[in-house]
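Scroll down for the structure; my scribbles are underneath it.
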Amino acid sequence: MFGKRLKMAAKKAKRKKDKLIESLIAVVGEDAIYYEHEDLLAYECDGYVIHKGLPRAVVFPSTTEEVSQIVKILHAQKIPFIPRGAGTGLSGGATPMGGEVIISLVRMKQLLEVDFENRRAVVQPGFVNLKLTNAIAEKGYYYVPDPSSQRTCTIGGNVGENAGGAHCLKYGVTTNHVLGLEVVLPDGEIVNIGGIPDMPGYDLLGLLTGSEGTLGIVTKITVKILKQPEAQETVCALFDRVEDASHTVSDIISAGIIPAALEMMDKIAIEGVEKGNYPVGYPKDLAAVLLIEVDGIKEGIPEQIEKIIQICQNRNVREVRVASSEAERQAWWNNRKQAFGAMGTISPDYLVQDGVIPRSKLPEVLEKVAQISSKYGLRIANVFHAGDGNLHPLILFDSRVPGDTEKAVAAGSEILKVCADVGGSITGEHGVGIEKKEEMRFIFNDEEIALQVSIRDVFNPENLCNPDKLFPTASRCAEVKAVKRASG
Amino acid sequence: MKPTSMEQIKQGILQILGSRLPEGEVIHCAGNHDENLLGNSGRLVVYPRDENQIGAILRFANEHSLTVIPEGGGTKRGLGGTLEQADILLSMQKIKGVVEHSVGDLIMTVKAGTTLQEIQSVLAKNGQFLPLDPPFPERSTIGGIVASNASGPKRLRYGSCRDLVVGLRVVTADGTIIRTGAKVVKNVAGYDMTKLFVGSMGTLGIITELHLKLKPLPPRRSLMLLTSPGGTEEIWDFSRRIMDSGMEPLALEVLNPGMAERLAGVSRYLLAVGFEDVPKAVDAQEEWVRQNLGQLRKTDMLHDEEAEAWWNRFAAVGTAPFALKVGSLATDVIPVMEAAEQAANNLGLSIICHGGTGLGISRIYVEDHDMRKFQSFYQTMQTFMAEREGYVIIESAPYTVRRGVSVWGDKPSYLRLLEGIKQKFDPRRVLNPGRFVGGI
């Protein structure tokens, strides 16, 4: 199916500079568009590499006005389009299904304004996440959401996906930090939303954040910036049994401590990160590592750290240490944040999943993940934001082995079913994209999906803006809706 | 088809509820004088027992083109809407109780008609709380708080409803029961539909159950009341410095002299600074305040229950039927309060007001019952904010006043999107018609 689409798209690409391309060049200029086959190949997929499709063109607008003009042209001709940031998404949200025009926001990368008194910053969508923190660090401020890809991912992309990160347990995810948006709607109209808390009207900011580019294209973002906590301490705890580590997570939360971050890696994940670029020398026979970070008022931290160490000891920790320096703390975090990439050192391919569970179900769910691993005969490394119940099972496979890819996909889906069945969700921060469209049915019934689709129709009635993402294949929902209308 | 007489509607509803309870506990005909001042009441008041009954009532209303106003504790009757009476006032008061409190997950599921006070007392048994501090916690239901996006000064530290509600059960206008979100703190599956209902004033559906994020009860609470002999400049200067320090204030709320008089016995601008944390962290922050007072004077310092008692008095202050809410930049909060004082003086009105210098939200209560003067006051504040980023809305006024003005301020340029959303959820405009922005 995908092969066929690819061929069709390739044919189109050979018709260089057709009328559409010419009209787009008239907006952005010759040096801000790709339309030849070899240039388009890099845009076949995002960080989710299992599905690929060729875009018709990639345009690089520099201003909101250009985005609006591009969208108006495409809207008038009913040509589908996809907004794209750095392409680090992990669910295929920026992957063409075949023939869409990609609107890349990477040239809109200015930091427009920093207002320390009102604790907000205004950025263009292509501005890289970590650059914001770097730009304001001198005055002791930072931007909280810190996805592992923060060195490359853009804040526009973060808004599209409602990105999370390691420090969301205490401070929330992207949606809790976005104050205002300028958006180009799928018909080209430019609207400004929010800016001030509780703006009268439905919470469109909340709806747009995490809508995966299906409701419009974000062209300007106002975000909260926070003062760096006065102090922080990081604890690293090494466990011989995964159950002990998972119980420690629940015990810490139940003791009334909300760490800024609470991360866990299991044996296979540790094997990977130790072979990656930032090894820290974890013993080879470990079953699990917990990284626990507490921040806040300096004087309040020691007793929380003591309590955490005590809890770890009660749960049979092998070794527990407080970072002795900022360098050591950074080393632990670098080691953790490159976990996905490091899987490449122990497996030719890997598929990362993104389920969420109530954290009290951690031991039970890990047990089931282990069963799924042995059922499919695939190794699964577990890396997760344990504090907020966000699991990232990394399913290791070899795409050169016939059938292995399908097995990995099936195992991933089965893990998500386990998460859904304990009252959780199929995605905590990576999004649905094309990857988890069908898995939406694990948590929503047809009517609930139909209602969401109807909200998309308010913004994007012709399904031109990032088409066919996010929702399961329409047929069944559409039928339900039609039946309801007929009977209503 | 609209049944003409109230008796027909009543019979229809009674048939749906099919209750063995005495009729008076299921339904009654409303209309005392107080209710009519603020409007938003109903010709019939109905007390469903569960979400299925709500579904059936809404289907009935939909079929017969009746209007329905959902209501929790009734503390927001003055907010929005031009109806004196809808056909049906659907009370959520019988749909209450904690469904589940998962202590280790810091998550609870609760029915919408439960009051905030009831919720807090259940949670306190396990050392947790729901970090919301809207007005009237003993009467406000959690469904009403979320539907009206009510909040208090502590949102500076803990966030507002949109940050704390992780999932809902909702009955939509055609009687369908839908779920949004899940009992987890992180979730990006599909659109964040939960957010649409927060602050939607019951115009999209009736919230029946909520999944909420909780916090551990802080071991130590502290409140410092600071006054400024000079003027408001020192208050702003202090606010700016504390927000620029590593301190983590719970609230930074400025009270005008009228309100300070009532709550602290001093007729000056006053800044309430709170802290909640482990004792050593609270002590350290109190010490920071002492070191950084500048020209400010500490007039009072309260701890634990006493601090809570003060905040409870604060939450009960807004009883005036005439009230405004202003959203602005943090830097404009004190100018907003001063403009309000000035405007009130010019009109001969007496006001009490407070504003969060870390938040950008101010509330103004006009104590005189003079509709004309109130309208002029509203216009003056709108003119003041027209030159600034933000908005002014009427948070409470009699319905006769609301009929004559746009209580939600200017229509947003993207009104068509809001109307489109309403159209998808409630095409026949059964739920709270005209209650929200742009007459939605």
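Throughout, a chain's letter reflects where its sequence line sits, starting with A, and its residues are numbered from 1.
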Do A:E299 side-chain atoms and B:A281 backbone N/O form a donor-acceptor pair below 3.5 Å?
no
Of all residues at least two apart in sequence or in a different chain, which pass the ring pair (Phe, Tyr, Trp, His ring centres under 6.0 Å) check with A:F384?
none
Between A:E303, A:Q228, A:K298, which shows the greatest number of heavy-atom pairs under 4.5 Å with chain B?
A:E303
Of the listed A:C168, A:S250, A:S425, A:P200, the one with the largest count of heavy-atom pairs under 4.5 Å with chain B is A:P200
Quick one: does A:R120's side chain get under 4.5 Å of B:L329's, heavy atoms only?
yes
Give me the atom names and distance for the closest heavy-atom approach of B:Y414 to A:N192.
CE2-O, 3.2 Å
Looking at chain A, which one of B:T180, B:L204, B:V103, B:V198 has the largest number of heavy-atom pairs inside 4.5 Å, strictly under?
B:L204
Atom group of B:M201 that falls short of 4.5 Å from chain A, counting heavy atoms:
neither
Interatomic spacing from NZ in B:K215 to CD1 in A:I258 - rounded to 0.5 Å:
5.5 Å
Any carboxylate oxygen within less than 4.0 angstrom of a Lys/Arg side-chain nitrogen, looking at B:R416 and A:E189?
yes
Closer than 4.0 angstrom, basic N to acidic O: yes or no for A:E117 and B:R241?
no
When heavy-atom pairs shorter than 4.5 Å are enumerated against chain B, which of A:K227, A:K436, A:E439 gives the highest number?
A:K227
With a 4.5 angstrom heavy-atom cut-off, which part of B:I393 approaches chain A: side chain, backbone, both or neither?
side chain
Is there a donor-acceptor pair under 3.5 Å between the side chain of B:D277 and the backbone N or O of A:G300?
no
Option in B:S151, B:G360, B:G390 with maximal non-hydrogen atom pairs under 4.5 Å from chain A
B:G390
Can you label the angle between the A:F471 ring and the B:Y191 ring as parallel, tilted or perpendicular, going by 30° and 60°?
perpendicular
Looking at B:D244 and A:K139, is there a salt bridge between them, counting it only when a charged N and a carboxylate O are closer than 4.0 Å?
no
First locate atom CG of A:N445, then atom CZ of B:R179, and finally report the distance between them rounded to the nearest 0.5 Å.
5.5 Å
Salt bridge or not between B:R155 and A:D198? Use side-chain N to carboxylate O under 4.0 Å.
yes
Residues in ring pair (Phe, Tyr, Trp, His ring centres under 6.0 Å) with B:F129, at least two apart?
B:Y158
With a 4.5 angstrom heavy-atom cut-off, is it the side chain or the backbone of A:R119 that approaches chain B, or both, or neither?
side chain
Residue, of B:G438, B:S328, B:G159, that accumulates the most heavy atom pairs under 4.5 Å with chain A:
B:S328
When A:V432, A:V191, A:L215, A:T209 are compared by non-hydrogen pairs under 4.5 Å with chain B, the top option:
A:L215
Once you round to the nearest 0.5 Å, how far does NZ of B:K424 lie from CD of A:Q452?
14.0 Å
Reported SG-to-CG distance for the pair B:C161 and A:D203, which is rounded to 0.5 angstrom:
11.0 Å
Under 4.5 Å from a heavy atom of chain B, the part of A:T175 involved:
both
Closest approach of A:N390 to B:K186 (non-hydrogen atoms, all atoms of both residues)
OD1-NZ, 3.0 Å
Most heavy-atom pairs under 4.5 Å with chain B, out of A:G256, A:G210, A:S360, A:G172, belong to A:S360
Of the listed residues (B:G246, B:G358, B:G167), which shares the most heavy-atom pairs with chain A below a 4.5 Å separation?
B:G246
Aromatic centroids of B:F197 and A:Y202 separated by under 6.0 Å:
no
Heavy-atom contact with chain A under 4.5 Å, split by part of B:M193
side chain
Side chains of B:E419 and A:V458: closer than 4.5 Å at any heavy-atom pair?
no
Residue pair A:E448, B:R169: steps toward the salt bridge (Lys or Arg N to Asp or Glu O under 4.0 Å) verdict:
CA-CA 11 Å; A:E448 289 158 347; B:R169 285 178 78 88; over 6 Å; no
Closest contact, heavy atoms only, B:V184 versus A:I357:
CG1-C, 3.5 Å
Between A:G423, A:S211, A:G201, which shows the greatest number of heavy-atom pairs under 4.5 Å with chain B?
A:G201
Could you tell me which portion of A:H430 (side chain, backbone, both or neither) has an atom closer than 4.5 angstrom to a non-hydrogen atom of chain B?
backbone
Reported CG-to-CD distance for the pair A:L226 and B:E248, which is rounded to 0.5 angstrom:
9.5 Å
Give the member of B:V278, B:I361, B:N187 that has the highest number of heavy-atom pairs under 4.5 Å with chain A.
B:N187
Of the backbone (N, CA, C, O) and the side chain (C-beta and beyond), which part of B:D105 lies under 4.5 Å from a heavy atom of chain A, both, or neither?
both
Given A:N162 and B:D192, is the side-chain hydrogen bond (donor to acceptor under 3.5 Å, both in side chains) satisfied, shown in steps?
CA-CA 10 Å; A:N162 190 11; B:D192 192 349; 5.0 Å; no
Tell me, out of B:L418, B:V185, B:V437, B:I178, who's got the most heavy-atom pairs with chain A below 4.5 Å.
B:L418
